[in-house]
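First the structure, in the form of structure tokens, and then the observations on it.
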Amino acid sequence: MFKWWQKLKIKWAKRELEKYAPKGEHLAYITKEEAKLLKKHGGAGLKVTATGIPSFFLKKLIGGIGDFIGGIGDAIGDIIGGIGDIIGGIVEGVIDFASNLVNGVLGMFGMSFDMPVYDSPSSFEVMQQGILVNKQSSVAGIPVVYGKRRIGGTRVFLDTYGDNNEYLVVCLSLCEGEIEGVNRIYINDQEITLPNRSGSNSVYTKETVQAVGSTLANGETSPFFVNGKARAHFEIFHGTEDQQSSALLSGSSFWSPNHRLRGVAYIACRFEWVKAEFEKNEQTVFNPWQGVPTINVEVFGKKVLTAYSSSDNTDSNTSSYETQQANTGVGAFDYSDNPANCLLDYLRNPRYGKGLNDNRIDFGAFRTAKLTAEQSIQFSQDFTSTFMSCNAVVNTEDTMMNNTKRLLQSCRGFLPYVDGKYRLKIETAEIPVNQFEITDDMIIGEIAIQSADKNAKYNECHLTYADEDKQFESNTFVYQDATAAAQDGEPLILKTSMPTVTKIDRVKHMAKFLVDRSRKQLTVGIRTTNEGQSVVAGDLVRINHQYSRTVGGTDITDFLFKSPTGTAVDSVYTAPDMIFRVVATTLNYDGTVTMQLVE
């Protein structure tokens with residue numbers, strides 16, 4: 001029995017410790033085994049800095065992305081929410097998920113329910129114009145380019161010098177480095193040519209002053225080559241950490257050797273004013289410049305880590321990102337448009353990304369997703385390529401949440417947090433082998449079924465994208481499913497966009513996928529025994545639920561979702577053989593597991 005002063009000390013200590021507890025949490029005693037169980041099912045297990053006491057705040061973000069918000073108090077505020085009662089279906093009653101279910105952010109299309117809105121061609125066009133325009137600022141965010149895209153840039157330096165200020169120099173910041181290089185340069189929408197290229201992607205040679213050619217890329221005479229002399233020069237920098245100052249900009253007294261822009265890919269430009277000349281009252285020499293020229297470039301973007309595997313998994317709370325980035329030998333960063341590689345880079349980069357340490361990444365799962373994305377697929381008679389690619393311009397002034405969702409959208413991916421690590425899972429066709437089967441002896445209570453919602457079912461898709469074959473200008477592809485439209489009796493149109501897909505054949509594939517996926521929306525809510533703890537977000541499962549019904553006065557046994565192997569079903573009823581994707585799981589306090597599944 002405690003003395004009164006001992007009780008007072010305990011009460012005071014409890015109050016003081018709970019001052020530092022994350023919002024909504026309180027002190028509790030748990031065993032080591034219970035702690036492991038909480039971590040397995042999404043509990044963070046991270047120590048609160050002030051006290052050293054671990055907090056198991058729920059970070060199991062199912063189907064979309066992890067929590068990229070720094071404050072523990074806000075860690076799950078945006079993604080926890082009861083989905084309420086799932087109504088209807090052939091089974092009476094519902095399961096109340098409101099108490100402790102994490103809302104899955106996979107959605108019907110392998111993306112978040114609250115994706116950034118790109119629901120019309122006009123909204124996508126606004127974003128696209130921002131990518132291609134030349135801005136002028138000294139504080140604008142620097143974008144990240146993954147894959148290949150045409151972009152504008154930000155003028156961070158402008159000056160004139162020479163006799164009568166005949167030279168205009170411009171420093172155009174492009175994106176975060178190190179990039180693979182610049183493949184094309186446009187002056188006022190006219191593609192020019194430079195003499196020197198290098199590398200497997202034939203990009204213009206870096207850190208070398210080059211003069212424009214006498215002809216444009218289309219073979220026409222260049223207006224920027226006047227009187228036998230190039231009137232525009234360029235010097236390209238890939239954004240390495242050791243790049244030197246631009247020789248081309250050094251003509252300005254304001255540009256010094258200390259202006260190196262390390263880590264930023266940029267292009268140095270010099271334009272020479274030309275005095276007009278006349279002969280017999282007719283102008284024979286024209287000045288090619290009408291104000292500051294608009295420059296666009298086609299960029300092969302950020303170099304990323306491409307060689308990794310499950311052997312890189314670690315429990316060490318450190319990051320090897322910067323060491324790997326500086327590596328020039330085996331395992332060095334390389335150009336890649338594989339969405340798994342791009343997303344992994346964004347999650348790990350400490351400057352423009354989340355800066356996750358190595359122990360928070362399941363490298364094996366990312367490698368599996370990477371191999372899935374790089375499978376060779378024949379999209380059409382004329383186009384065979386990798387299954388998925390990512391050609392994205394990431395706005396670093398937007399939230400990490402939105403940017404990660406866009407990268408996930410490029411591969412129909414989602415990012416469950418399991419055993420303290422983020423795993424990438426790509427929704428794609430999978431061979432139904434060794435899937436977990438939920439049987440009646442595991443099911444607790446009733447099954448909640450929600451059939452397809454007409455408001456989210458489509459037979460036509462208008463998909464807007466940046467068209468690589470049209471210099472990355474906005475374009476819209478329309479896919480129609482005539483059979484589905486006849487069944488529905490009216491057009492059900494989805495208008496959306498894909499900010500990371502740039503090839504028309506991939507766009508066609510994605511548009512069909514979105515329509516087909518929308519038409520398979522059977523959602524099931526179920527609670528299981530602790531045997532369900534082996535299931536994580538992204539897994540494929542089957543449900544074997546047996547029930548009795550009466551047909552023509554005869555009692556028969558049927559199976560709601562499938563027939564067990566080796567057991568015949570009455571000929572009156574053919575049982576569907578359904579496969580479900582797990583989009584949300586929650587470990588309940590009593591050890592049971594609540595799941596949300598989608599067909």
Side-chain angles (χ1 to χ4, degrees), residues 127-158 169-189 191-192 194 197-199 201-210 232-246 248-249 255 259-271 292-304 333 335 337 342 345-346 349 351-353 390-398 403 466 468 471-472 499-500 502:
M127 183 188 73
Q128 197 50 14
Q129 289 175 357
I131 291 173
L132 296 175
V133 74
N134 280 180
K135 300 178 284 289
Q136 189 157 320
S137 174
S138 58
V139 295
I142 303 171
V144 184
V145 176
Y146 291 118
K148 183 171 69 171
R149 286 295 294 267
R150 179 176 172 175
I151 61 174
T154 302
R155 301 186 190 109
V156 296
F157 177 77
L158 227 118
V169 288
V170 177
C171 177
L172 189 70
S173 167
L174 300 177
C175 55
E176 290 279 355
E178 180 186 0
I179 63 171
E180 172 74 359
V182 172
N183 182 50
R184 291 176 175 165
I185 300 176
Y186 300 85
I187 303 177
N188 298 333
D189 282 332
E191 186 184 352
I192 56 93
L194 300 179
R197 291 181 178 269
S198 60
N201 288 305
S202 189
V203 296
Y204 287 122
T205 305
K206 68 174 183 177
E207 300 183 34
T208 301
V209 176
Q210 299 191 62
H233 290 74
F234 295 94
E235 189 178 10
I236 300 165
F237 292 82
H238 290 180
T240 60
E241 296 297 331
D242 60 353
Q243 66 189 15
Q244 301 302 309
S245 178
S246 167
L248 191 60
L249 300 180
W255 192 268
H259 293 117
R260 298 168 60 183
L261 276 67
R262 286 174 289 184
V264 178
Y266 72 97
I267 182 168
C269 319
R270 189 184 72 189
F271 308 106
V292 180
T294 297
I295 305 298
N296 282 167
V297 298
E298 186 178 282
V299 171
F300 281 87
K302 181 77 172 59
K303 289 185 175 182
V304 297
F333 277 29
Y335 170 77
D337 63 359
C342 298
D345 181 81
Y346 188 73
N349 185 279
R351 184 161 63 197
Y352 52 76
C390 177
N391 298 288
V393 180
V394 177
N395 178 8
T396 53
E397 294 184 307
D398 202 347
N403 287 335
E468 182 178 339
Q471 299 180 357
F472 294 94
T500 61
T502 58

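These numbers come from the heavy atoms of this one structure, side chains and all, not from hydrogens, waters or symmetry mates. Since the structure is predicted, the reported quantities are computational estimates derived from the model, not experimental observations.
- Screening residues 137-149 for side chain to side chain donor-acceptor pair (under 3.5 Å), with sequence neighbours left out, gives Gln128-Arg149, Tyr146-Asp345, Lys148-Glu468.
- Ring geometry, Tyr266 versus Phe237: the interplanar angle falls under 30°, so the pair is classed parallel (tilted spans 30 to 60°).
- Every residue two or more places apart in sequence or in another chain that forms a side-chain hydrogen bond (donor to acceptor under 3.5 Å, both in side chains) with Asn349 is listed here: Tyr321, Tyr352.
- By the side-chain contact (heavy atoms from CB on, under 4.5 Å) test, Gln136 is found to be paired with Arg155, Leu158, residues two or more places apart in sequence or in another chain being considered.
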Handout entry: From CA spacing to verdict: side-chain contact (heavy atoms from CB on, under 4.5 Å), Thr294, Asp189
Key = CA-CA 8 Å; Thr294 297; Asp189 282 332; over 6 Å; no
Practice task
Could you walk me through whether Arg260 and Gln244 pass side-chain contact (heavy atoms from CB on, under 4.5 Å), step by step?
Solution key: CA-CA 5 Å; Arg260 298 168 60 183; Gln244 301 302 309; 3.4 Å; yes
Exercise for the section: Run the numbers on Phe157 and His259 for side-chain contact (heavy atoms from CB on, under 4.5 Å), then give the verdict. Expected result: CA-CA 11 Å; Phe157 177 77; His259 293 117; over 6 Å; no
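- Shown here are the salt bridge (charged side-chain N to carboxylate O under 4.0 Å, His left out) partners of Glu180, two or more places apart in sequence or in another chain: there are none.
- There is no side-chain donor-acceptor pair under 3.5 Å between Asn201 and Tyr335.
- For residues 233-242, every residue pair satisfying the salt bridge (Lys or Arg N to Asp or Glu O under 4.0 Å) rule, not counting sequence neighbours, is listed here: Glu241-Arg351.
- Leu132 and Phe472 get closest at one heavy-atom pair: CD1-O, 4.5 Å.
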Practice task
Go through Asn296 and Gln471 one step at a time and tell me if the side-chain contact (heavy atoms from CB on, under 4.5 Å) criterion holds.
Solution key: CA-CA 10 Å; Asn296 282 167; Gln471 299 180 357; over 6 Å; no
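- Applying the side chain to side chain contact (heavy atoms under 4.5 Å, CB included) test between Leu174 and each of Val297, Ile236, Ile295, Ile142 identifies Val297 as the sole match.
- A search for side-chain hydrogen bond (donor to acceptor under 3.5 Å, both in side chains) contacts involving Tyr204 returns Arg197, not counting sequence neighbours.
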